[in-house]
Amino acid sequence: MSVERMNKQAIKTSARVTLTVAIAAVLGGCFVSKVDPQKPQLPLPDALPAQAAETSPLPNPWWTLFGDARLNELIVEALQHNPDAQIAAARVMEARSFLRIANADRLPRIDLDGNATRSKQSESSLQQQGLGDIPGFPTHQTLYTVQGTVGYELDLWGKYQRASESARALLLNSEYGREATKLSLTGEVARVYYSLIAAAEQLARGRDTLTSREEAAALEKLRFDSGESDEFTYKRAQADAAATRVSTRQLELRVVQLTNALGVLLGRSPKALVDEAISVQGINLPGPVQLPAALPSSVLAQRPDIGAAEAALNASAAEIGVARAQLFPSISITGAFGSVSPELDDLFTGPSKAWSATGGILQPLFQGGRLRANVSRAEAVREQRKAEYARTVQQAFREVLDTLQGQSLIAGVREANNEQVEALSRATELAELRYDQGDISYLELLDVRRGLYQAQIDLVAAQRDALLNTVDLALAVGGGLGDQAEPLTARR
C-alpha cells in the first residue's frame, strides 16, 4: 500500500471516529443545557404611597426639573471630566474586549509559519551514508518551508457558547455600572451644589447677625462704663457675640469644604480648585419641587443598579454551564497545509505541497476533584448573585419609600420653620422695644435673638433638605440622563 493511500485511510478513520464522538456528544448535549439564573421573584406593592396633589413629572434628564442653568452646566462638566465616570467608561471597554476574546474561542485558529533553513553535513556523516566519494556532492543544503495550521475545538457541550454569554452579561453589567456611576455623579453634584448655596445663605445670615451682636456688645460696654448697666449683662452680650463669631467661622469652613468638594466632583485640577474656585454668590435656593409616586415596575425597569445586578446574576448562571462542560471530553480538529522545497522558486509548485489532518479527543479522568469543585464554586457564585440582586431591589424600594414619604414630612418641617421665623422676627421687634423701655432684662432679649438666629439657620437647612430629598427621589426611581446617557450595546 502506498504512503499516500495509507495517509488517506488514516484520515478517513480519524474522521469516522470524530463523527461518531460528535453524534454521541450531540445526543448527550442535554446534560450541559443553558442554566437557569433563578432570578428571585420579590413581591412588589400594587402602588407606592400617594403624594401631594400638586406634583411635577420627572423630566429627562432629571436634573432639569429644577430649571437651574448653572446646575445643568456643572453636571455636564462633571460627566465629561470626573475620574469616576472615566473609570466606569474604561471598564466597559475592558468588558467589551473580554467579550471579543470569548467569541474568538468559538472560531477556528489559523496560523502561518514560514522559515528558511541552511545546513551543512559533516564529511564523516557523508562517509557513513556512502556519499563521501561522490565528486561534487553538495554538502550544503537550503530548505524553504511555508506552512499554515488550522485548529478548531468542537463546542458540542456549549462551553464556549456559555463563556460568550457570560462575557456578554458582564459587558451589560459594566454598561449598567457606567450608567449607575454617571447617575450617582449627577446626584452628588446636585447635592453638593445646593448644600453649598445653603451654606452660603447661612453664612450671610451669620455675618449679618454677627455684626448686630458686636454692635450690641459695644453698646452694652458703653452702658457698663457709664454705670447704666452691670458687668454681668455686658459679659453676656460679649459672650453672645463670641458664640455668633464661632458659628460664622464654622459656616465659613463649611463653604470652603463644599466648594472644594464640588470642584473635585467636576474633575478640576488642583490648580483650578484654587484659581477657579466656584462661587454661588447671588444664587438662592430654588423653591421645592414635588415629584409623583412612581409605579413599582418602572423602578425595576429604570434603575441601572438593578439592571447591573441582574446582568451579574445571568453571567454567574452562564459560568455554571462553562464549568459543567469541562467535565466532558474536548474534541479538536487540527490541519496543516503548506509547501516544502529546497528551491525558493519551486516553493509554491505542486510537487512541493504538503498537508495533514488530525482529529483528537481528550477526556478528563482524574484531576483530584478540581472540575466538580469548579462547578460547585460556580453554583455558589450564582447564589451570591441571587442574594445581591434581592438586596439591590430591597435597597431600591427602601430609597423610594424613604424619599417619597420624606417629601411631605420635610415639607411639614419647612412650613413649621417658616412659621417659627415669622413669629420670632416679630417677637424680637417687640422684645427690643420692651428692653429699650426697661420692661425686660437683657437676658430675655438675648434669648429671643438667639432663638431667631437659630430658626433662620434651620429654615435654610429645611429648604436645603427638601431639595436634597427631591434629588434622592429622582435617583431612587432611576431618573434619566437625557442625551448624556449611552446605549447598552450588550442588551439584546
Side-chain angles (χ1 to χ4, degrees), residues 56-90 92 177-204 251-291 302-305 399 403 407 410 460-486:
S56 301
L58 186 63
N60 189 17
W62 69 266
W63 55 86
T64 57
L65 65 91
F66 296 109
D68 191 329
R70 182 69 186 284
L71 175 62
N72 299 346
E73 295 174 358
L74 294 177
I75 287 180
V76 172
E77 181 180 352
L79 290 173
Q80 292 175 349
H81 302 291
N82 182 270
D84 289 337
Q86 295 172 350
I87 291 171
V92 171
R178 175 196 62 204
E179 298 306 287
T181 298
K182 292 163 59 177
L183 185 62
S184 176
L185 176 61
T186 61
E188 193 62 23
V189 170
R191 291 189 194 96
V192 176
Y193 173 67
Y194 286 128
S195 295
L196 175 59
I197 294 176
E201 288 188 12
Q202 291 174 328
L203 176 59
L251 290 171
E252 289 175 348
L253 176 60
R254 178 66 174 161
V255 169
V256 170
Q257 292 173 336
L258 290 171
T259 300
N260 293 336
L262 185 55
V264 170
L265 286 174
L266 300 181
R268 296 187 177 181
S269 65
K271 185 177 187 301
L273 292 178
V274 177
D275 298 342
E276 303 173 18
I278 299 170
S279 174
V280 293
Q281 293 296 326
I283 301 177
N284 297 321
L285 290 173
V289 179
Q290 290 282 333
L291 295 181
Q302 296 176 17
R303 283 188 59 126
D305 57 340
E399 292 173 1
T403 51
Q407 281 195 125
I410 294 176
V460 175
Q463 294 170 338
R464 175 203 63 202
D465 292 344
L467 291 171
L468 299 190
N469 186 79
T470 301
V471 171
D472 292 340
L473 178 55
L475 298 184
V477 298
L481 293 170
D483 57 3
Q484 297 298 320
E486 297 180 62

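Counting from 1, the numbers follow the sequence of the chain as shown. Note: hydrogens, waters and symmetry copies are ignored here, and every other heavy atom, side chains too, is used. All of these numbers come straight from a predicted model, not from anything done at the bench.
- The main-chain N or O of N469 is never found under 3.5 Å from a side-chain atom of Q407 such that the two would form a donor-acceptor pair.
- Distance alone, capped at 3.5 Å, places no donor-acceptor pair between the T186 side chain and the I75 backbone.
- Within the 3.5 Å criterion, the main-chain N or O of G267 finds no donor-acceptor partner in the side chain of N82.
- Side chains of P286 and L467 form a contact here, defined as non-hydrogen atoms less than 4.5 Å apart.
- Without hydrogens or angle criteria, S184 side chain to T181 main chain gives no donor-acceptor distance under 3.5 Å.
- From L266, atom CG reaches atom CD of E276 across 10.5 Å, with rounding to the nearest 0.5 Å.
- E77 CD to N72 CG: the interatomic distance, rounded to the nearest 0.5 Å, is 13.0 Å.
- Not one N or O on the side chain of T64 forms a donor-acceptor pair closer than 3.5 Å with the backbone of G67.
- Between the side chain of K182 and the backbone N or O of L79 there is no donor-acceptor pair closer than 3.5 Å.
- Applying the ring-ring contact (aromatic ring centres under 6.0 Å, His included) rule to pairs touching residues 255-282 yields nothing, sequence neighbours excluded.
- Residues that satisfy the side-chain hydrogen bond (donor to acceptor under 3.5 Å, both in side chains) test with R303, not counting sequence neighbours, are D305, E399.
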**OP:** Apply side-chain contact (heavy atoms from CB on, under 4.5 Å) to R268 and I278, showing your working.
**Re:** CA-CA 11 Å; R268 296 187 177 181; I278 299 170; 3.5 Å; yes
